[in-house]
Amino acid sequence: MIRDTPFLQKGLRIIVPATILALVASYLYVESFNVGYRAVVLFFGGLFFFLGCALFAGEIRQFLVFAALFGIPLQFGYHVIHIPLVDSEVQPFASGIAIDSVDVILLLLYAHWALLLSSTKRLSGITLGNPVGGLLLAWILFCLFSSFWLSKVLKYSVFEIVVLFKGFVLYFYLINNTKTKEDLKVIVAGLFAGAVAQAVYIIGQYVTGLNYTIHGDLQTYVGPEGFRSVGFFGSPDSASAMMSLVLPILLGVLLVNRNRSLRLFAATSIVLVIIAMMCTKVRATAGAVVLSSMVVVIISYKRNRIPLRTAVAFSLLGLIVLGLFLPISYARFAKGTWGEARLPLAYTAANMFWDHWLTGVGINNYQEVLKEYLPAKLRYSWHYVVHVEYLYRLAETGIMGFLLYYGMLLAMVVKLWRGLKASDSMVFITALGIFAGMFGSFVHRFFSAYHYVNLYIFFCALLAIAVIVEKYRNNLMSEKNIGRVTPK
């Protein structure tokens with residue numbers, strides 16, 4: 001007779017639920033093939049996600065943060081409301097309201113945070129990260145309330161405002177739950193991994209000649225300049241801009257860090273990102289990367305992080321890389337894609353701003369009001385958004401929204417500049433990379449709308465890092481995890 005031992009009781013409590021769960025999972029796996037490719041992808045994505053949770057159970061919060069940041073370029077999810085705007089380069093903002101993987105993971109992170117707060121009953125440490133957070137929230141609220149009396153199509157404004165609040169939710173969580181240098185490393189690693197994964201995917205698109213997005217859509221349009229990879233999200237401009245903001249951090253690791261393995265990883269990643277940006281054929285991004293790389297080299301030398309010979313060597317290498325982009329830029333100009341309609345579109349945006357100079361036409365309504373201002377010769381040929389972010393913001397949000405938005409960017413840059421005084425090399429590299437990336441982006445914005453869902457969410461993570469590096473520089477963070485119990 002088998003005794004009912006405690007071990008057997010414990011084993012049954014584990015084996016029986018596990019068996020039931022395995023049977024249910026097996027059934028769902030088989031049924032997913034009948035639903036479609038998205039169900040299969042979702043199944044395997046969930047499988048690897050929970051495997052990661054099991055492997056990193058001791059640091060589950062850090063794993064979830066990494067997964068959320070890695071998922072930003074993917075934007076893999078489901079549209080609760082889907083009303084796409086026709087003939088628009090900024091269609092994702094106007095296409096409806098979606099729930100994606102980042103939203104789900106953030107929900108889990110906030111639930112975990114709520115449990116911690118309920119157990120400790122301490123809310124004193126919660127912050128907005130002012131002035132950056134205050135300006136971000138003020139800008140979002142301005143867009144929300146002004147849209148009710150300004151927007152020609154209110155639903156489009158609501159679609160974008162939902163995304164703006166999602167970005168704020170990510171920013172708010174990161175600044176309040178990054179307590180150690182290890183937490184900061186996880187954030188940066190998540191951004192690295194997402195950018196490098198997208199670079200590999202873009203190169204694969206170019207090699208195969210198939211522009212499948214992560215959503216399974218195949219983009220077949222090939223312009224006069226030839227095939228261009230579109231990345232996970234279906235936008236070469238968005239993918240290239242995101243990679244350009246990460247590349248300066250990778251360059252900082254390669255220049256300043258003394259760990260050979262990390263430097264090798266950074267060098268490999270830089271090569272992949274540069275090749276991927278060449279595959280997107282985005283000319284403005286190449287210029288932004290050159291400028292940001294120059295900033296990284298100059299500041300690293302001025303702060304005595306690298307010797308003069310290293311600065312000269314990397315400057316010469318930068319000129320070589322710039323030379324690689326010149327044939328691509330020339331080919332796009334030679335084929336007639338030099339942006340012949342961009343000046344009329346800029347003139348159109350300026351006229352729209354002068355007519356609504358104080359508060360603009362309403363967030364995400366530029367495309368609708370554009371019909372009233374677009375020159376007759378362009379009404380059926382290039383019904384696109386203006387390729388200058390500064391004019392775009394002025395037209396949609398007027399002087400008030402413009403000052404709030406770029407005031408936030410200025411406050412971010414100031415915090416990053418202060419972070420450059422950190423003695424820790426990792427914090428210095430992070431602050432330097434994002435500072436340089438922002439410097440390059442200010443030039444890039446003259447040639448791009450800079451208006452994409454994943455790019456905005458990604459940017460909110462960079463906003464949070466700017467606040468975090470200043471906290472670390474001011475000795476408000478610790479080296480190791482706070483509250484961790486050391487075994488005796």
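Starting from 1, each residue takes its place in the sequence as its number.
A donor-acceptor contact shorter than 3.5 Å links the side chain of Q205 to the backbone of V230. R228 contributes a side-chain N or O that, together with a main-chain N or O of T280, makes up a donor-acceptor pair within less than 3.5 Å. Of the possible donor and acceptor atoms, none in the side chain of Q198 sits under 3.5 Å from a partner among the backbone N and O of P73. Judged purely by atom type and a 3.5 angstrom limit, N365 has no side-chain atom pairing as donor or acceptor with the backbone of E368. With hydrogens and angles disregarded, a donor-acceptor distance shorter than 3.5 Å links the side chain of Y456 to the backbone of L164. Y110 places a side-chain N or O within donor-acceptor distance of the main-chain N or O of V169, the cut-off being under 3.5 Å. The closest donor-acceptor contact from the side chain of S448 to the backbone of H444 lies at 3.5 Å or more, if one exists at all. Panel note: side chain R445, backbone H387; no donor-acceptor pair is recorded below 3.5 Å. Panel note: side chain S229, backbone I202; a donor-acceptor pair is recorded below 3.5 Å.
A centroid separation of less than 6.0 Å is found between the aromatic rings of Y366 and Y392.
Looking at residues two or more places apart in sequence or on another chain, you find a salt bridge (Lys or Arg N to Asp or Glu O under 4.0 Å) between D103 and K166. Under the ring-ring contact (aromatic ring centres under 6.0 Å, His included) criterion, Y405 pairs with W139, not counting sequence neighbours. For F439, there are no ring-ring contact (aromatic ring centres under 6.0 Å, His included) partners two or more places apart in sequence or in a different chain.
N454 and S238 form a side-chain donor-acceptor contact under 3.5 Å, judged by distance and modelled atom types alone.
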Next item on the list: Given side-chain hydrogen bond (donor to acceptor under 3.5 Å, both in side chains), test S147 with S157 step by step and report yes or no.
Entry: CA-CA 6 Å; S147 63; S157 295; 4.6 Å; no

Margin query: Could you walk me through whether Y450 and D237 satisfy the side-chain hydrogen bond (donor to acceptor under 3.5 Å, both in side chains) test, starting with their C-alpha distance in whole Å, then the side-chain angles of each, then the deciding distance to 0.1 Å, before giving a yes or no?
Written below: CA-CA 8 Å; Y450 235 73; D237 297 88; over 6 Å; no

Next item on the list: Could you please spell out the steps behind the side-chain hydrogen bond (donor to acceptor under 3.5 Å, both in side chains) verdict for E396 and N364?
Entry: CA-CA 7 Å; E396 281 206 341; N364 209 19; over 6 Å; no

Next item on the list: Apply the test side-chain hydrogen bond (donor to acceptor under 3.5 Å, both in side chains) to residues Q75 and Y452: give CA-CA distance (whole Å), side-chain angles for both, the deciding distance (0.1 Å), then the verdict.
Entry: CA-CA 11 Å; Q75 289 293 291; Y452 308 94; over 6 Å; no

Next item on the list: Show your reasoning for whether side chain to side chain contact (heavy atoms under 4.5 Å, CB included) applies to I187 and F66.
Entry: CA-CA 6 Å; I187 296 173; F66 178 89; over 6 Å; no

Next item on the list: Please test Y156 against I161 for side chain to side chain contact (heavy atoms under 4.5 Å, CB included), starting from the C-alpha separation and ending with a verdict.
Entry: CA-CA 9 Å; Y156 291 151; I161 289 166; over 6 Å; no

Next item on the list: Give the intermediate values and the outcome of side chain to side chain contact (heavy atoms under 4.5 Å, CB included) for residues V388 and F447.
Entry: CA-CA 5 Å; V388 182; F447 307 96; over 6 Å; no

Margin query: Is there a side chain to side chain contact (heavy atoms under 4.5 Å, CB included) between T178 and V186? Walk through the geometry before answering.
Written below: CA-CA 10 Å; T178 305; V186 170; over 6 Å; no

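At least one side-chain heavy atom of F192 sits under 4.5 Å from a side-chain heavy atom of V188.
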